[in-house]
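Notes follow once the structure below has been shown.
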Amino acid sequence: MSKNLVIVESPAKAKTIEGYLGKDFTVKSSFGHVRDLTKGDKAIDVANNFTPTYIISEDKKDVVRDLKKLAKESDIVWLATDDDREGEAISWHLKESLDLNDSKIRRIVFREITKNAILGAIENPRTIDQDLVNAQQARRILDRLVGFEMSPLLWKKIKTGLSAGRVQSVAVRLVVEREREVEAHDAKALYKVNGIFLLDKGKLLNAELNKRFNTEQEAQTFLEACQKSEFSVKELEKKPGKKSPTAPFTTSTLQQEASRKLSFSVAQTMTLAQRLYEAGKISYMRTDSVNLSQFALDAAQTAITNAYGAEFHHKRIFKTKSESAQEAHEAIRPTDFTVQTVGGERNEQRLYELIWKRAIASQMADAQLEKTVATIGISQTSEVFIASGEVIKFEGFLKVYLESNDDEEDEAETEAKGMLPPIDKGQILNLDQIRAIERYSRPAARYTEASLVKKLEELGIGRPSTYAPTISTIQKRMYVEKENRDGRERKLNELVLKAGKIEQHTVIENTGQEKMKLFPTDLAMVVNDFLVEHFPTVTDYSFTAQVEKEFDLIAEGKTKWQTMLKGFYEPFHKRVEETQNIERSTINTGKTLGVDPVSGETIIARLGRYGALVQIGEADEEKGIKPRFASLRKGQLIENITLEEALDLFKLPRETGIYEEEPMVVAIGRFGPYVRHAGKFYSLKKEDDPYTIDEVTSIAIIEAKRKADAEKLIKEFPEDPEAKVLNGRWGPYIAFGKLNIKIPKDREPSSVTYEEILVWSEGVTAKPSRWGKKAAPAAKEPAKKKAAAKKSTAKKPATKKAATKKAATKKAVVKKEVPEKAPAKKKAVAKKKAVAKKKSK
DNA sequence: CAGTGAGCGAGCTTCCGCTTGACTT
């Protein structure tokens, strides 16, 4: 038995280290924190100087038991948790929960997993830094106090189950405020002018005017001047330039690049990286450090020299810009630079390549460029055209990697820069054409998951291990939704000067399209406004940075942690108490939209128990007045709704008539307009392009007729109530339990016998009727049918019912008739529906 | 899926940071 027990945080790390140390060392992992505050609201005894009560986490009981046993058998326990605040606290919690004496423990730290680093650490043990531990305790306790006092306030004043916290509430605030910024953006159009000049041998020179015009008139005046002008190269300047590589990845930059280049969500990136880490392919993936170990620097140098030549290598040491960085680990890098392919899933490989390239490139030479700028004069005006080109003289790191850009802003502006065609100073240029086109200013971009992480990191909020969970939490709480949005068309005015004539065109561009962006919900707006109003300190963007400074003072032994907490908690708790007393109804008063022109009553939009709604009138019991309500459509925000849109929502619901003796009602529900007929609902969902009332009415008739036809019974069988011949949308068919069976063409449907059904049902495949739901009790079905259904379930995935149906109904509206026949592909949908209906009975 | 919508209210929810596993179809 070995005499030394080394405890690290991660099992993968333990495995690596065990190899570096001799037989006398057993290396085990704590799997992160082993103790935490107790669950309820009594974990912190505020009155007793914030005394915390800790408990061994449920999922760590086995870990602690095993470690305790090993520790007993060892002479020395080496606490080798991470070299940061949390790591120090883990060591302390280990000491406490393993009942270890100070004399038996050694605290060691290393920031890279290399043999030298670890042996060096063993040579230089120290004791647990209680000040640092106390800084962690203060952090932990403050977060608990903030989260567990603000959240219940939200339950009481807004909605149960909500949450608030130092990190998540600021993340939500960022999304909310960005949305308002986008909404408030006043797009201004300027005329951007491009000139194209004809050179010898059919070559073209593209140049942009150094000025943009505010109005069409100014652009017109400019083009008129150009009509009479001569163009010449006034200046031609060549200058060298260079580009340098960026630092190797941290968690945050990895998430950003994987999002931009590979379209991964931050959670997806972390899962893949975790797998690479556990397979020993990359270094630790939760890090805020851009530092590479000496071992890695050397390995990169060798790899670069061998692959590209020594001139491509350039040793670089990067420094973190982030003040909040704790740098307990290296940057994210391959463990072996000579490995370019890792096995496993395709996305693992793609992420690995990204990590490999970025780390290699960070140790490569600058790219050398030559920039050429030509200034083209216009004889009749003082403006000039600028043509610029860029040529790569030496690739350097660009051979491997180019970082992508977050700012879509410039996307339209930056054309791919290549070499300029050969021109000389003083040369007269022949004009091909000049185009002056409107360009609208863009609002700030909505956040993606990754760009929100970047922003949080800049503000010092959250840690590498919590970025992905935080992003998930705010979506789980329904504060934020990740969505695609279609853009809308916008008409642009364009003036073109060509062959001496000025012509005006209209160009159509698609604008406002969004892909996987974060949108705040109405709930987020209400919660955020409530928190910002009553807790301006905690929701301030700089709150974390400020308390971090105080935690640092604790870590340096300059402040007592209880003193710091007291300073924060007293005013905070006072605000909580004050806020307890405010009226619920004053929080979500909603937005007054205006007055109903018919009744003269006020119309407001607010958040109700079941979602956003518009309301006409206030309740007045004395007068017996009841307000009327209507739901907002999905995707519609209270923030943005106008009076006209609100009135629109009240136009429906209405009675549209009677069909087959049942009244038919069209209404707008939470998820859009629908038709209700004979106790059944027909969805008319469509977000951006709502149906008109006429369309809705005709759809209602078509849908009701179709349903009625589909229900028509042709024949029943006394042998089995589950067997029926029905008249479906596309003709008669046999419904046999969950199976829908085709009737042979030459058969008269009414003469089908039960024996034939049994024969025909052999080998017939059915659509799975309830995808993703719990299976029905199987005993109800005869064994034969069950087998057939099961076989089919495994074989075929469910079709997208809603989408197909929508497409079909929309088509029907245009034609204003019931489709008699449909392509074979759609039959499946009808079948499925019949099955679903059966189930609901 | 879909309607409803203040009020009464049992007993529940919730924070941030460390780290990986695993109920079964």
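Numbered from 1 within each chain, the chains take letters A, B, ... in sequence-line order.
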* Kindly write out the residues that satisfy side chain to side chain donor-acceptor pair (under 3.5 Å) with A:Q274, not counting sequence neighbours, or none if the list is empty. =>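 Result, side chain to side chain donor-acceptor pair (under 3.5 Å) vs A:Q274: A:E278, A:R286.
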* A:E327: partners by side chain to side chain donor-acceptor pair (under 3.5 Å), with sequence neighbours left out ->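 Result, side chain to side chain donor-acceptor pair (under 3.5 Å) vs A:E327: A:S289.
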* Side-chain donor or acceptor of A:R463 under 3.5 Å from a matching atom on the base of B:dC18? ->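 Donor-acceptor pair under 3.5 Å: no.
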* Does NZ or CZ of A:R575 lie under 6.0 Å from the centre of the six-membered ring of A:F572, at an angle within 45° of the ring axis? ->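 No, A:R575 and A:F572 do not form such a contact.
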From the set [options], return the single nucleotide nearest to any side-chain atom of [X].
| X | options | answer |
| --- | --- | --- |
| A:R144 | B:dG17, B:dT19, B:dC15 | B:dC15 |
| A:T160 | B:dT13, B:dT19, B:dT14 | B:dT13 |
| A:M285 | B:dG17, B:dT20, B:dT19 | B:dT20 |
| A:K60 | B:dT19, B:dG5, B:dC16 | B:dT19 |
| A:V167 | B:dT14, B:dG17, B:dT20 | B:dG17 |
| A:P11 | B:dT20, B:dA6, B:dC16 | B:dT20 |

Using a cut-off of strictly less than 4.0 Å, decide whether [X] has a side-chain nitrogen or oxygen near OP1 or OP2 of [N].
| X | N | result |
| --- | --- | --- |
| A:T466 | B:dG17 | yes |
| A:Q136 | B:dG17 | no |
| A:R275 | B:dG21 | no |
| A:S163 | B:dC15 | yes |
| A:Q615 | B:dG5 | no |
| A:R286 | B:dT20 | yes |

Starting at atom [atom1] of [X], determine the distance to atom [atom2] of [N], rounded to an integer number of angstrom.
| X | N | atom1 | atom2 | value |
| --- | --- | --- | --- | --- |
| A:K156 | B:dA6 | NZ | P | 18 Å |
| A:L531 | B:dT14 | CG | P | 16 Å |
| A:D36 | B:dC16 | CG | P | 13 Å |
| A:L37 | B:dC18 | CG | C1' | 14 Å |
| A:K159 | B:dC12 | NZ | P | 20 Å |
| A:L613 | B:dA2 | CG | P | 17 Å |
| A:D59 | B:dG17 | CG | P | 18 Å |
| A:M150 | B:dT13 | CE | C1' | 16 Å |

Classify the side-chain pair [X]/[Y] by whether it contains a donor and acceptor separated by less than 3.5 Å.
| X | Y | value |
| --- | --- | --- |
| A:S163 | A:Q168 | yes |
| A:Q475 | A:E481 | no |
| A:Y54 | A:S97 | no |

* Provide the distance between the two C1' atoms, one in B:dC16 and one in B:dC12, to the nearest whole Å. =>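 It works out to 22 Å between them.
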* **Integer angstrom distance from the P of B:dG11 to that of B:dC15** =>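 One P to the other, the span is 23 Å.
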* Asked: With nearest nucleotides of DNA chain B determined for A:R140 and A:Y277 from heavy-atom distances, which residue corresponds to the more 5′ nucleotide?
  ->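 Mapping each residue to its closest nucleotide by heavy atoms, the 5'-most match is A:R140.
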* Asked: Starting at the 5' end of DNA chain B, which residue's closest nucleotide do you reach first, A:P152 or A:Y284?
  ->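 Upstream on the strand: A:P152.
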Using a heavy-atom cut-off of 4.0 Å across all strands, would you classify [X] as base, sugar-phosphate, or nothing?
| X | value |
| --- | --- |
| A:R85 | nothing |
| A:G87 | nothing |
| A:T473 | sugar-phosphate |
| A:D41 | nothing |
| A:R477 | sugar-phosphate |
| A:A89 | nothing |
| A:E278 | sugar-phosphate |
| A:G161 | base |

* Asked: Does B:dC15 have A:F148 stacked on its base, where the ring centres are within less than 5.5 Å and the planes differ by under 30°?
  ->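 The ring of A:F148 is not stacked on B:dC15.
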* Stepwise ring-ring contact (aromatic ring centres under 6.0 Å, His included) test for A:F50 and A:F568 -> CA-CA 12 Å; A:F50 299 95; A:F568 162 76; 9.3 Å; no
* Asked: Under 3.5 Å, is there a donor-acceptor pair between the side chain of A:T287 and the main chain of A:E330?
  ->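 Confirmed, A:T287 side chain pairs with A:E330 backbone.
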